Undergrad: 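Sharing a structure below in structure tokens format, with a few things to ask.
All values derive from a computational prediction rather than experimental measurement.
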Amino acid sequence: MPFPLLTATAALPAIGAIVTAAVPAAQRTAAKWLALFFSLGTLVLAGIVFVRFEPGGDRYQLTESHAWIADFGVRYELGVDGIGVALLALTALLIPFVILAGWHDADPLETKSSRWRPTQGFFALILMVEAMVILSFEATDVFLFYILFEAMLIPMYFLIGGFGDRAHAGTDENAAAQRSYAAVKFLLYNLAGGLIMLAAVIGLYVVAGSFSLSEIAEARANGSLEMASSTERWLFLGFFFAFAVKAPLWPLHTWLPNAMGEATTPVAVLITAVVDKVGTFAMLRFCLQLFPEASKWATPVILVLALISIIYGALLAVGQRDIKRLIAYASISHFGFIVLGIFAMTSQGQSGATLYMVNHGLSTAALMLVAGFLITRRGSRLIADYGGVQKVAPVLAGTFLVGGLATLSLPGLAPFVSEFLVLVGAFSAYPVVGVIATLGIVLAALYVLVLYQRTMTGPVGEKIGGMPDLRVRELAVALPLIAVLIFLGVFPKPLTEVVNPAVQHTMQDVQKKDPQPEVEAAK
């Protein structure tokens with residue numbers, strides 16, 4: 001048997017979670033280094049997967065298939081296409097930075113609640129989330145994907161509810177209540193979506209007789225699977241609802257600002273840059289592939305929801321006084337662009353949406369983590385408590401600026417390529433939608449530049465004068481992320497050549513072709 005590379009990529013962080021959790025309570029530093037070691041090992045395996053993937057080869061590669069629950073037709077089936085490979089690489093790349101950034105976030109505090117901050121548990125939960133997210137990008141059995149889709153909520157619930165933002169720790173009597181509220185809201189929203197998806201998963205099995213993507217695709221191709229349009233639409237809605245909650249898409253987004261605001265900064269990055277990508281990824285892999293006609297039927301409504309997310313998220317970001325909530329609402333706007341690209345049903349739009357998932361993960365991680373370093377120094381998330389930071393901490397201010405410019409998709413940085421492709425794809429199929437979506441770009445420039453102006457420029461604010469600049473560990477987090485953003489902004493080919501063949505397969509699934517430009521004949 002060939003080496004199960006995909007299983008190993010997910011198993012290594014899972015093993016790391018168990019080993020890290022088993023470290024004695026007094027050995028906190030050892031637990032941190034173990035977590036970092038296992039995350040770097042996972043990154044190496046993800047790199048091997050990326051290198052071994054052949055863009056011009058089979059749709060799903062490095063496949064594994066084993067019987068699991070034979071009586072119900074459930075199999076342990078794994079395989080990656082270009083989209084899955086790109087997101088797997090993103091996840092493996094970000095987790096070491098998340099661990100480094102959160103190096104001291106779970107150290108015990110001298111408070112009564114210190115017993116709820118076990119360092120070992122914090123890093124073990126991060127590794128467990130990584131394992132589940134990676135496996136969800138690899139799963140080609142619908143039921144296996146559903147199990148992972150739901151299971152990742154458990155460690156995320158404890159990360160949000162048990163390890164809150166220390167900007168208020170020990171000073172705000174309502175901090176614990178707010179943290180608990182955010183964690184419960186995150187769990188309830190996502191569980192509601194998951195339960196509706198479970199009904200759709202069961203319905204799919206009743207209709208198709210299988211949970212395997214390859215078997216269902218083969219049945220569609222040879223005509224042995226016939227699905228009534230009404231049935232397909234109901235099943236599509238069951239899947240899409242769950243993915244829209246996870247994404248998050250307006251109006252199912254309200255859990256995100258609470259969760260990101262109350263979680264530690266590394267966990268906030270884990271939410272929006274890693275976990276939420278499972279929702280948009282699943283729209284491409286499951287909604288469009290399993291229910292092509294229903295996807296086209298629902299496209300007009302989904303495009304409207306995407307536009308609302310883009311404008312609504314950006315407008316609320318403009319009016320925010322809290323740095324972390326501003327970034328959360330900006331992410332809602334960006335996820336609107338991703339959904340817009342997916343359901344524009346053009347190759348440019350879907351390639352741009354996939355690149356947007358990767359580039360948004362990188363840019364949001366860079367901006368949020370540097371913002372976290374800033375918040376830790378001042379002890380406040382309020383924009384009004386800052387000012388003049390660039391005079392006392394120029395490196396911190398510079399990295400914050402680059403992260404912000406990436407968020408507003410400045411040319412030369414990675415998000416520009418993806419946003420440009422999404423808008424081109426939208427313009428070519430739905431010109432009015434493309435025009436409205438461009439307002440999100442204008443608003444992004446507004447909230448990012450105003451944020452930078454109010455925090456980094458002007459007179460040096462109270463308690464800012466003695467603020468230290470970025471330390472070595474913090475530079476090890478910020479600088480590589482910025483380097484990757486610049487590299488992919490100038491040379492996106494390593495991602496596009498992997499993603500484009502997978503997008504063409506998806507376009508074939510929905511039987512769509514790119515609109516041809518109308519050219520007047522020469523007289």
Side-chain angles (χ1 to χ4, degrees), residues 2-13 39-65 76-96 129-141 144-145 148-149 213-214 217 273-286 288-289 338 341-342 347 350-362 365 414 417-418 421 484 487-488 491-509:
F3 179 73
L5 183 57
L6 296 186
T7 295
T9 308
L12 187 61
S39 68
L40 290 173
T42 305
L43 177 58
V44 170
L45 289 179
I48 296 173
V49 171
F50 193 90
V51 170
R52 289 190 57 183
F53 184 82
E54 299 178 5
D58 296 336
R59 180 172 189 173
Y60 294 109
Q61 300 179 31
L62 305 174
T63 55
E64 302 172 31
S65 181
Y76 176 80
E77 283 192 350
L78 306 180
V80 286
D81 61 359
I83 300 169
V85 163
L87 293 174
L88 187 155
L90 169 70
T91 302
L93 177 64
L94 289 182
I95 296 301
V129 171
E130 179 183 22
M132 292 179 180
V133 170
I134 286 176
L135 205 56
S136 68
F137 291 142
E138 299 171 345
T140 56
D141 182 278
L144 174 62
F145 173 83
L148 297 165
F149 187 83
L213 279 177
S214 58
V274 177
V275 174
D276 287 354
K277 299 300 186 297
V278 176
T280 46
F281 162 79
M283 291 179 189
L284 279 166
R285 172 165 285 189
F286 296 101
L288 270 60
Q289 186 173 346
I338 295 172
I342 292 172
S347 59
Q350 292 187 357
S351 294
T354 304
L355 293 178
Y356 215 128
M357 292 185 229
V358 176
N359 295 332
H360 170 263
L362 295 169
V417 180
S418 45
L421 287 173
V484 175
F487 174 78
L488 292 178
F491 188 64
K493 184 180 178 181
L495 281 179
T496 56
E497 68 180 5
V498 169
V499 166
N500 288 342
V503 167
Q504 293 304 319
H505 285 296
T506 305
M507 292 288 289
Q508 292 172 10
D509 290 334

Undergrad: Taking side chain to side chain donor-acceptor pair (under 3.5 Å) as the test, write out the residues that go with Asp276, two or more places apart.
TA: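 So Asp276 forms no side chain to side chain donor-acceptor pair (under 3.5 Å) with any residue.
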
Undergrad: Would you indicate whether the side-chain heavy atoms of Leu144 and Tyr76 approach each other to under 4.5 Å?
TA: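 Counting from C-beta outward, Tyr76 and Leu144 do come under 4.5 Å.
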
Undergrad: To check you understand the geometry: which heavy-atom pair defines the closest contact between Ala217 and Gln289, and what is its length?
TA: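 So the minimum-distance heavy-atom pair works out to CB-NE2, 4.5 Å.
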
Undergrad: Where do Tyr356 and Thr280 land on the side chain to side chain donor-acceptor pair (under 3.5 Å) test, with the steps shown first?
TA: CA-CA 10 Å; Tyr356 215 128; Thr280 46; over 6 Å; no

Undergrad: With heavy-atom distances below 4.5 Å as the criterion, would you say the side chains of Arg59 and Gln508 are in contact?
TA: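 Side chain of Arg59 against side chain of Gln508, heavy atoms only: no contact under 4.5 Å found.
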
Undergrad: I'd like to know if the side chain of Asp141 and the backbone of Glu77 have a donor-acceptor N/O pair within less than 3.5 Å.
TA: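 No: the side chain of Asp141 does not pair with the backbone of Glu77.
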
Undergrad: Is there side-chain contact between Leu62 and Val49, with at least one heavy-atom pair below 4.5 Å?
TA: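 Yes - at least one pair of side-chain heavy atoms lies under 4.5 Å apart.
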
Undergrad: Is there a side-chain contact between Phe137 and Val278, using heavy atoms and a 4.5 Å cut-off?
TA: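 Yes - at least one pair of side-chain heavy atoms lies under 4.5 Å apart.
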
Undergrad: Decide yes or no on side-chain contact (heavy atoms from CB on, under 4.5 Å) for Thr9 and Ile48, but give the supporting numbers first.
TA: CA-CA 10 Å; Thr9 308; Ile48 296 173; over 6 Å; no

Undergrad: Counting distance only, does the side-chain N/O of Arg52 pair as donor-acceptor with the main-chain N or O of Gln61 below 3.5 Å?
TA: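 Here the side-chain-to-backbone pair does not exist.
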
Undergrad: If you measure only the distance, is there a donor-acceptor pair under 3.5 Å linking the side chains of Thr7 and Glu64?
TA: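 A donor-acceptor contact under 3.5 Å links the two side chains.
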
Undergrad: Got a second to check how far Tyr60's OH is from Leu6's CG, nearest 0.5 Å?
TA: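 Result: 12.5 Å between the selected atoms.
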
Undergrad: How far apart are the C-alpha atoms of Glu138 and Leu88, what are their side-chain angles, what is the distance that settles it, and do they pass the side-chain contact (heavy atoms from CB on, under 4.5 Å) test?
TA: CA-CA 8 Å; Glu138 299 171 345; Leu88 187 155; 3.1 Å; yes

Undergrad: Return yes if some donor-acceptor pair links the side-chain N/O of Arg285 with the main-chain N/O of Thr140 below 3.5 Å, else return no.
TA: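 Pair absent, no side-chain N/O of Arg285 close to backbone of Thr140.
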
Undergrad: Taking all non-hydrogen atoms of both residues into account, name the closest pair between Val499 and Ala86 and its distance.
TA: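 Looking at all heavy atoms of both residues, the closest pair is CG2-CB, 4.2 Å.
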
Undergrad: Within a strict 4.5 Å, meaning less than it, do heavy atoms of the Leu135 and Leu78 side chains meet?
TA: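 Yes. Closest side-chain heavy atoms under 4.5 Å.
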
Undergrad: Can you measure from OG1 (Thr63) to CG (Asp58) and round to the nearest 0.5 angstrom?
TA: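 Between Thr63 OG1 and Asp58 CG, I get 8.0 Å after rounding to 0.5 Å.
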
Undergrad: Do Ile338 and Met283 have side chains that get closer than 4.5 Å, going by heavy atoms?
TA: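 Not in contact.
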
Undergrad: Taking atom OG of Ser39 and atom CG of Leu94, what is their separation to the nearest 0.5 Å?
TA: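 Ser39 OG to Leu94 CG: 11.0 Å, rounded to 0.5 Å.
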
Undergrad: When rounded to the nearest 0.5 angstrom, what distance separates CD in Gln504 from OG1 in Thr506?
TA: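 One gets 9.0 Å once the value is rounded to the nearest 0.5 Å.
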
Undergrad: How long is the span from the CD1 atom in Ile95 to the CG atom in Leu40, to the nearest 0.5 Å?
TA: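 CG of Leu40 is found 11.5 Å from CD1 of Ile95.
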
Undergrad: In terms of ring plane angle, is the pair Phe281 and Phe145 parallel, tilted or perpendicular, where the classes change at 30° and 60°?
TA: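 Rings of Phe281 and Phe145: tilted, as their planes differ by 30° to 60°.
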
Undergrad: Quick one: are Glu130 and Thr42 in side-chain contact, heavy atoms under 4.5 Å?
TA: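 Sidechains of Thr42 and Glu130: in contact.
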
Undergrad: Quick one: pull up CG in Leu43 and OG1 in Thr91 and give me the separation to the nearest 0.5 Å.
TA: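 Result: 11.0 Å between the selected atoms.
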
